[in-house]
Amino acid sequence: MEETEPKIAAAGAVDEGRLWGRLMALGQIGATPKGGVNRQALSKEDAEARRRMVAWAQDLGLAASGDDAGNLFLRLEGTDPAAAPVLTGSHLDSQPTGGKFDGAYGVLAGLEALEAIQAAGLRPQRSIEVVAWTNEEGSRFQPGAMGSAVFAGQMNLAEQLAVTDSDGITAGEALRDFLAATPDLSRRPIGFPLAAYVEAHIEQGPRLEATGRPIGVVGGIQGLRWFAVEVLGEAAHAGTTPVSMRKDALMAAAAMVTALNEAMADAADTVRFTVGRFEVSPGSPNTVPARVFFTIDFRHPDAAVIERLTSRIEPICADHAGGCAVKVTRTSDVRPTRFDPAVIDTVRRSADALDLPAMEMISGAGHDAMHLAEVCPAGMIFVPCEGGVSHNEAENARPRDLADGARVLAATLIDLAGADLAG
Ligand SMILES: [Zn+2]
């Protein structure tokens, strides 16, 4: 009789009902009346979710540990315990009016993959660990993706812990209470060597659902730049000042936005260009506007395109200033992430081996994986969500799609960790 390949055996042991049941159970922690969750970072609901994860891990015989940044790790020991582990996971915190799947799915898909690997009678060579990163959302304490950034040496923990929420509570105070909720957890140093990192996540966009494909093979995360544009004209009487003599900040700003929108348009519809704030002052019906302030958010997966488009912003604004003064200030810059070709290929081959239609895509949203990509080979697996809706209490996904994502994850983890059939 031919032996089933280990990765196929692991994927075959993924249990759709078990994964869905845990997602629904976790969704009860911080549940909102509209079916979503409010489980903000380092809150008592977040701590409760963490305790639940530790309890599930203990049921499976996994070793739970945590670091001083509040990151939680659940370890399935490999046959070579000294080798750097393969890590998978996501986050348990949510937006104030968030959904049951954003983040929680990646953590629970990881747990499901480990349970499936055990159920298939496999022992990975490298240890495989599931992580729940602290404060990915950044809604209570800014910025987000704090736990993964600190782990990867991209942010300083002490600086992050000084940040306060809207009630004046520091992240450090909240973290102390959070860690006290699991007093017996063994402590890990922040940051340790990893063989690879793979994160499963709902797409948070409409493309997989629209194309009927259950698996997104994520090649990277697009970069982002923010600008603030201030246009200074001159206030004047709307009834007496001839148009030719005005310095109308609004007309200039409107021309700038129109020209920028044209310059940013691309045939492939890849550039994301948004003017989300537009303030006019003094804001009087019979006064020519003296000042306009507007913001630019634009995103693209290719750093060279981001540079090229950035270089056009100031000249376009100057060309349409119409006698006004204009000042452009860059306020944010997140470079694009390119995931590791070998990890991307492993995800693609796992989907192929399981006969699951897959699609290559770039993530529009930021994820913890962007920080992990700085320290180890990293990648992501996307699954469809209903209508592409996320950061919303109505966020939903199909049990079947979620299980398919966990199958691809289990196969990918086995490929990356190596495995023997337990004797
Ligand atoms: Zn997320």
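Just so you know, ligand 1 is whichever comes first in the structure, and atom 1 is the first atom listed for that ligand.
- With hydrogens and angles left out, the side-chain atoms of Thr79 and Gln125 include no donor and acceptor closer than 3.5 Å.
- For the pair Asp345 and Arg348, the salt-bridge criterion is met [side-chain N within less than 4.0 Å of a carboxylate O].
- Comment: Arg39 does not engage Glu137 in a salt bridge, judged by the lack of any side-chain N to carboxylate O separation of less than 4.0 angstrom.
- Salt-bridge formation is detected for the pair Arg225/Glu307: a Lys NZ or Arg NE/NH1/NH2 atom is positioned less than 4.0 Å from an Asp or Glu carboxylate oxygen.
- Take a cut-off of 2.8 Å around the Zn ion (ligand 1): the protein N, O or S atoms inside it are His91 NE2, Asp102 OD1, His201 NE2.
- Scored by the side chain to side chain donor-acceptor pair (under 3.5 Å) test, Glu48 finds Arg51 as partners (sequence neighbours excluded).
- Between Arg299 and Asp297 there is a salt bridge, since a side-chain N of the basic residue sits under 4.0 Å from a carboxylate O of the acidic one.
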